Every structure is written in structure tokens, then in C-alpha cells.
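To keep things clear, I will list the structure first and then write my remarks on it.
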Amino acid sequence: MLPLIVFAVGLAYSNYRQDRSEATRRVLETVRSMRLVLDSEVQRMTGGLQVLALGDSLQSGDFDGFRRLAVEFTSQYGGDSVLLLADRSGRQLFSTVTTEAANLPPRNNREIVERVFASKAPQYSDLFVGSTEKRPIVTVEVPVLRNGEVAYALSFSPPIAIFQKLVEQQRPNDQWTVSLLDTKARVFARTPNPAETFGKQASGALYEAMSHTPEAALSTVSLDGVALSSAFTRSQLTGWTVVAGVSESSLIAPLWRDIAITSLIGGILLLVGLTFAVRMATTIARGEMLHDLLIEELNHRVKNTLALMQAIAVQTFRSASRDERTKFEGRLGALAEAHNLLSQEKWAGSELRDVIARALQPFLMSNSDRIRMAGPTVPLSPRLAVVLSMIVHEIATNAAKYGALSNETGRVTLDWEVIADAPKPRLRLIWTETGGPPVTAPVQRGFGSRLIERSARDQLDGEATVDFLPRGVVCTVICTLDEAP
């Protein structure tokens with residue numbers, strides 16, 4: 001029962017690692033989606049400004065005639081928006097703030113004005129303090145061309161509230177932190193705590209990563225001191241960066257919940273099982289009848305435990321994919337078949353060929369000739385029978401999904417031998433595939449591969465290796481044999 005509890009906890013941890021990987025992918029997809037929304041909004045502003053820049057009033061220098069069009073444009077965005085016109089020196093020639101152009105101060109951000117005149121293309125500013133309203137703004141700037149040369153820089157400063165509303169609408173839930181940063185990594189829209197973080201520079205790890213790459217996923221600590229699984233992506237249009245992160249605590253909580261539930265139920269079952277075992281052990285000496293009774297009761301409890309563990313898995317991993325549930329139920333089924341075989345032998349051990357045949361039975365139903373077994377008679381202790389059954393099941397499952405058992409022509413040869421040149425005899429089992437699909441080594445090992453390797457190393461005092469050869473996969477398992485009771 002204890003191995004089952006350890007197995008369940010390990011499965012919960014494996015599920016947590018998969019959830020973390022999925023969360024990282026989801027965070028990256030979220031920032032990419034938000035970047036598209038941001039770019040779409042900014043492109044809408046830019047397009048409107050370019051239409052204004054082509055108007056007859058600006059081309060002829062009729063600023064009074066241009067004012068009506070400018071007011072109509074800014075009214076779309078609210079009273080805090082400002083549209084102004086400046087020459088190359090930064091002198092303001094027109095502003096929607098006032099009709100007295102002579103009293104307008106020079107532009108504060110001369111650098112972006114120079115960029116508009118030099119590039120003859122739209123430009124987007126970092127956060128700076130506007131000269132007229134004396135408040136932090138970002139601007140969208142377009143050139144006003146006359147005879148192919150830039151005559152003016154037309155500048156629009158939208159309300160910061162537009163960008164704040166965008167991040168609030170795109171935030172998935174209250175476990176997320178979402179920010180918009182300018183090219184100097186300063187915050188100009190954020191949720192939560194926008195007022196406390198406005199104008200602040202991104203935290204250390206995020207700032208360092210942004211200086212090296214336009215997009216990445218990483219672990220960070222927010223300006224609020226919250227540990228986040230984060231991602232960012234930089235807009236090629238504006239140079240601004242969208243950052244989003246989900247709190248690490250929200251990712252870890254399901255793991256602890258699953259482990260706690262599994263450990264609690266497993267502990268109760270273990271305590272009940274140990275109590276019963278102690279009571280039954282005191283009566284073993286009464287004879288063969290009581291011995292048989294103990295075996296039958298043990299079998300009954302093992303089956304009940306497997307059924308209960310399957311029910312726990314169904315409830316705990318309800319949101320998992322059908323493929324993941326099928327894998328888990330297949331592993332429980334392999335355990336059940338091994339226990340059934342041991343039950344027939346009164347838990348005195350089993351023969352290797354019978355153990356393998358039980359584990360491979362689901363894969364032989366369509367064509368029993370596809371797997372050839374050859375090797376001497378090898379008695380196994382109950383411990384070895386259970387673990388080897390699980391390992392053979394995992395190897396065959398991989399072959400059915402990706403290898404020689406996944407098509408109509410593949411074949412498998414399963415050979416074994418006993419090596420007697422050590423203090424204890426050792427079993428070498430070789431699984432060889434031919435005729436399957438082309439073999440390519442996986443980029444990363446799955447849970448099944450780790451289960452095979454760890455089971456062989458930790459529970460069989462041996463090792464397992466998998467070779468991805470051109471003709472097919474070859475898996476070798478070596479373990480130390482116990483004396484079957």
C-alpha cells in the first residue's frame with residue numbers, strides 16, 4: 001500500500017509540473033494577445049492622425065480651419081486628450097488646449113520631434129511630462145508632409161486611462177498582474193495598484209531580461225513583492241512591452257491540496273491495513289486455514305485500494321485530458337493484473353513469463369503473433385513481479401502509441417536471460433522493436449520514461465536504458481533477482 005501512496009504523490013507532482021508548463025504557455029499567449037490589442041488601438045490612433053495630416057487645412061497652414069477637425073478627433077478619446085502641432089525646433093504652432101498659440105510653451109520631448117522629421121514616419125514616445133498640461137503622458141506622433149518634406153510634427157497624447165482600461169479588461173483574474181511598459185521599462189498602465197506603481201521601473205529580473213530579448217517567460221518578483229510566473233513581449237510597432245504574470249501561490253496550491261488529500265486517505269488506509277495486518281499476524285500460527293483466510297482478505301483489500309485510488313484519481317484529475325487519465329488507469333490496470341497473478345499463487349511469487357504475458361495481454365488481443373517472447377524459466381518474488389509488470393506495461397504503452405505496435409507491420413522481440421556472475425543472480429530483459437514508424441529521440445523524457453528508470457534503479461537495484469536506433473527502439477532492463485519464497 002505504501003508504494004501506491006508514494007506513486008499517487010509522485011503522480012500529483014508530475015501533474016503539477018505539467019500544470020506549471022501549461023501555465024507558462026498560457027501566460028505567454030496572454031501577453032501576445034494583449035500586444036495585438038494594444039497595437040490595434042495604437043494603429044487606430046495613428047491612422048486617424050495620418051488622415052488629419054493629409055487634410056487641406058494643414059497643407060495650407062489654415063490652423064483655424066483645422067481646429068474643428070482636431071476637436072472632433074480628440075472628442076473620441078475624452079477631455080484629457082491633447083492634439084498639437086510643432087515645427088522642427090519644438091515650437092508649438094497649434095494646440096487643442098487653447099486658441100492662443102502665441103502663449104504656448106515649447107515642446108518638452110524634443111527628441112521625438114527630431115525622430116519624426118528624420119524618419120518621415122510615425123513615432124511613439126516613452127513616458128514624459130507634457131509642457132502644456134504638466135502631467136505624465138505618452139504620445140503618438142505623425143509627420144505632416146508638404147512636397148515630400150516634413151513641415152510639422154502632429155502629436156497626440158491620449159488619456160493614460162485608455163491604456164489602464166485595456167490592461168484591466170485583458171486581465172484574466174485577480175491572481176494576475178498585468179503591466180504596460182515604455183521602452184525604458186517604466187510602468188504607464190498596470191493592474192493591480194496602478195497609482196502606487198505608475199512611472200516606476202520594472203523589477204530587476206524582468207528589467208534584465210527585457211534588455212536582452214524582445215520576448216521571454218521567466219519567474220519574477222513584482223513591484224508589490226509577489227512571486228510571479230511571468231512573460232513579456234515587446235511591440236514592434238511602438239517599442240512598448242506588455243508584461244503579465246500569475247502568482248506562484250495560485251500554481252502551487254493545487255499541488256499541496258492533491259498531496260494532502262492523497263496523503264490523508266493513504267495514511268488512513270495504511271493505518272487500517274497495518275492494524276489489520278498486526279491482528280492477523282498474531283493468529284497465523286493457527287494453521288493453514290487461517291493463512292488462506294489472510295491471503296484472501298489481503299487480496300480483497302488490495303483490490304479495494306486500487307479501486308479507491310482510481311476513484312481518487314478521477315476526482316483529483318477531473319480537469320486532465322482523456323489521454324492522461326487513460327495512462328493513469330492503464331498503470332493501475334497493470335498493477336491489478338500483477339496482483340491477480342500473485343493471488344493465484346497465494347503470494348508465493350510468480351514466473352516471469354506469466355507476469356509478462358499478463359502485462360502484455362491488452363496489446364495481444366488483435367494479433368498475438370506481433371510479440372515474440374523467449375527466455376528461461378525465472379521465478380519472481382512478489383516485489384519483483386509487481387515492479388516488472390509496471391515496467392513492461394509502460395514500455396508496451398509507448399510502443400503502442402509511437403513505436404512498433406502503433407502500425408500494422410511492427411514486431412517486438414522480448415528476450416531475457418539470467419546472469420550468474422555476481423553475488424546475486426541478475427535478470428537481463430531486452431525489448432527490441434522492428435518495422436515500426438521512423439524513430440526519433442524525444443526532446444524531453446515523459447513521466448513513463450522516468451517511471452521505468454526510477455523503478456529499475458530504486459526498486460529493482462538495477463538499471464534501465466532506452467536506445468532510439470534507426471531500425472527501432474531497444475529497451476534493456478537489468479535487475480537483481482530475489483529468492484522467490
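Here the structure is a predicted model, which is why all the values come from computation and not from measurement.
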Exercise. Any salt bridge between Arg32 and Glu215, counting N to O under 4.0 Å?
Worked result: yes
Exercise. Is the closest side-chain donor-acceptor distance between Gln123 and Ser119 under 3.5 Å?
Worked result: yes
For this session: Mind checking side chain to side chain contact (heavy atoms under 4.5 Å, CB included) for Ala151 and listing every partner two or more places apart, or none if nothing turns up?
Result: Arg146
Exercise. Taking only residues two or more places apart in sequence or in another chain, which ones pass side chain to side chain contact (heavy atoms under 4.5 Å, CB included) with Asn103?
Worked result: Glu100
Problem set entry | By side chain to side chain contact (heavy atoms under 4.5 Å, CB included) - contacts of Arg171 (at least two apart) | Asp174, Trp176, Val178, Thr191, Pro192
Using atom types as modelled, flag every donor-acceptor pair under 3.5 Å from a side chain in residues 465-479 to any protein atom, sequence neighbours excluded.
none

Seminar exercise, completed: Residue pairs meeting ring-ring contact (aromatic ring centres under 6.0 Å, His included), one or both in residues 96-128, sequence neighbours left out, come to none
Exercise. Can you list the residues that meet the side-chain hydrogen bond (donor to acceptor under 3.5 Å, both in side chains) rule with Ser230, with sequence neighbours excluded?
Worked result: Thr220
For this session: Kindly write out the residues that satisfy side chain to side chain contact (heavy atoms under 4.5 Å, CB included) with Ala399, not counting sequence neighbours, or none if the list is empty.
Result: Leu405, Trp431, Glu433
Exercise. Do any pairs count as a salt bridge (charged side-chain N to carboxylate O under 4.0 Å, His left out) and have a residue in residues 175-186, sequence neighbours left out, and if so which ones?
Worked result: Asp182-Arg186
Exercise. Got a donor-acceptor contact below 3.5 angstrom from the Arg35 side chain to the Gln236 backbone?
Worked result: no
Seminar exercise, completed: Those residues at least two apart in sequence (or on a different chain) that pass side-chain hydrogen bond (donor to acceptor under 3.5 Å, both in side chains) with Ser155 are Glu141
Exercise. Is there side-chain contact between Met210 and Phe232, with heavy atoms separated by less than 4.5 Å?
Worked result: yes
Problem set entry | Contacts of Arg91 that satisfy side-chain hydrogen bond (donor to acceptor under 3.5 Å, both in side chains) - sequence neighbours left out | Asp87
Problem set entry | Pair Asp39 + Arg44, salt bridge at N-O below 4.0 Å | no
Exercise. Who are the side-chain hydrogen bond (donor to acceptor under 3.5 Å, both in side chains) partners of Gln170, not counting sequence neighbours?
Worked result: none
Problem set entry | Pairs where residues 59-71 contributes a residue and the test salt bridge (charged side-chain N to carboxylate O under 4.0 Å, His left out) is met, not counting sequence neighbours | Arg68-Glu72
For this session: Assess the pair Phe198 and Phe188: is the distance between their ring centroids shorter than 6.0 Å?
Result: no
